[in-house]
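One structure below.
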Amino acid sequence: MPADTPPVQPDAARPRANPATRLALCLSALAGVALALLAAAALLAVQLHFEARDRALLHGHLEHARSLLGRVDNTAALSELPASLAAAFGDQHALAVRVQDPLGQPMYEQAPVADMPPRLLARPAVAAPAPLVDWRQDDHVWRGSALLMRLALDGAAPLTVAMALDVGQDQAFVRRLGLVLSVYVLLMVPLLALLARWLVRRALRQAID
């Protein structure tokens, strides 16, 4: 190399991205983040909607059970309690019910396949609204609440009343919706990148002209 030839700087030899391309990439990245946040917000809104609906349904069922227990003021009514609970809730196949005494012995149980977990039965709420507890049993997903209720019978110990809804279909819908939103975001990001690049180049050409 001749002595008067200046050395080639590494930065000068490195190709630089077109300014229009850099701007288009920044815009598409921002749009992709916005789309991802919007998809996450939509998914969260659906989940919160299902939780609010389930909480309202369980609250209504628990209050109905409370009214039934409030009528038990003698031993004859106590012996008829399981039949009263079965008449009130027996036709709801997606609802699991368990009424148990302080020793954990069931007085009434509907849909035992739910297999309510100890974390639901051992810590019933003393007042509404009762917190929601989710668990999976076999191929089903359950969401339940438990309340401590008293009978009108003098000297009777409080009972734990737990109810749960089979929410497997709702959870499957949420998973499918999340998959659809993820695919939508992944497909839209490159399309937005192409659109942003075309718009930036068009704007630059108009500015030069």
Side-chain angles (χ1 to χ4, degrees), residues 21-66 85 88-99 109-125 127-147 160-202:
T21 302
R22 292 202 302 270
L23 181 57
L25 289 176
C26 291
L27 291 176
S28 60
L30 291 175
V33 172
L35 277 177
L37 291 176
L38 182 61
L43 192 63
L44 179 61
V46 172
Q47 291 176 329
L48 292 177
H49 165 74
F50 284 141
E51 287 186 7
R53 183 205 61 185
D54 296 339
R55 183 178 287 107
L57 287 173
L58 290 170
H59 176 73
H61 292 322
L62 287 169
E63 289 304 312
H64 190 186
R66 188 194 298 275
L85 292 169
F89 306 111
D91 59 344
Q92 302 186 43
H93 304 293
L95 178 68
V97 182
R98 182 181 173 94
V99 179
E109 190 167 19
Q110 175 178 306
V113 68
D115 193 17
M116 295 182 179
R119 58 193 174 97
L120 173 67
L121 298 173
R123 293 188 296 272
L132 296 177
V133 176
D134 294 355
W135 72 94
R136 180 180 294 276
Q137 179 63 30
D138 296 331
D139 295 331
H140 296 267
V141 180
W142 297 88
R143 174 172 290 155
S145 295
L147 273 176
T160 297
V161 180
M163 296 191 179
L165 297 168
D166 187 350
V167 296
Q169 292 184 351
D170 297 340
Q171 296 298 314
F173 172 79
V174 171
R175 287 194 299 270
R176 290 194 298 268
L177 179 61
L179 179 61
V180 169
L181 291 175
S182 300
V183 172
Y184 173 76
V185 171
L186 292 176
L187 290 177
M188 285 300 298
V189 167
L191 294 178
L192 289 173
L194 294 175
L195 177 61
R197 185 175 182 182
W198 177 78
L199 291 174
V200 169
R201 287 188 172 183
R202 181 182 179 184

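These numbers come from a predicted model, not from an experiment.
The side chain to side chain contact (heavy atoms under 4.5 Å, CB included) test with Val97 is passed by exactly one of Gln92, His61, Gln110: Gln110.
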Step-by-step side chain to side chain contact (heavy atoms under 4.5 Å, CB included) determination, Leu58 to Leu132:
CA-CA 9 Å; Leu58 290 170; Leu132 296 177; 3.7 Å; yes
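By the side chain to side chain donor-acceptor pair (under 3.5 Å) test, Asp134 pairs with Arg143, sequence neighbours left out. In this view, Glu109 and Arg98 satisfy the side chain to side chain donor-acceptor pair (under 3.5 Å) rule, not counting sequence neighbours. For Gln47, there are no side chain to side chain donor-acceptor pair (under 3.5 Å) partners two or more places apart in sequence or in a different chain. Taking His64 as the reference, Phe89 meet the ring pair (Phe, Tyr, Trp, His ring centres under 6.0 Å) condition, with sequence neighbours excluded. For Arg66, the salt bridge (Lys or Arg N to Asp or Glu O under 4.0 Å) partners two or more places apart in sequence, or in a different chain, are Glu63.
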Without placing hydrogens or testing angles, list every side-chain donor-acceptor pair under 3.5 Å for residues 160-173, not counting sequence neighbours.
residue	atom	partner	partner atom	Å
Asp166	OD1	Gly168	N	3.2
Asp166	OD2	His140	ND1	2.8
Asp170	OD2	Arg53	NH2	2.2

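Here the straight-line distance linking atom CG of Leu44 with atom NE2 of His49 works out to 13.0 Å at 0.5 Å rounding. With rounding to the nearest 0.5 angstrom, the CG atom of Leu95 is 8.0 Å from the CH2 atom of Trp142. Here the CG atom belonging to Leu43 is positioned 10.0 Å from the CG atom belonging to Leu48, to the nearest 0.5 angstrom. Going from atom CH2 of Trp135 over to atom CG of Leu120 covers 5.0 Å, rounded to the nearest 0.5 Å.
Within the 4.5 Å cutoff, the side chain of Val133 has no heavy atoms near those of the Ser145 side chain.
Across Leu181 and Ala42, no two heavy atoms sit closer than the pair CD1-CB, 4.4 Å. Contact between Ala128 and Leu147 at its shortest, heavy atoms only, is N-CD2, 3.9 Å. Ala130 approaches Ala146 most closely through the heavy-atom pair CB-O, 3.6 Å.
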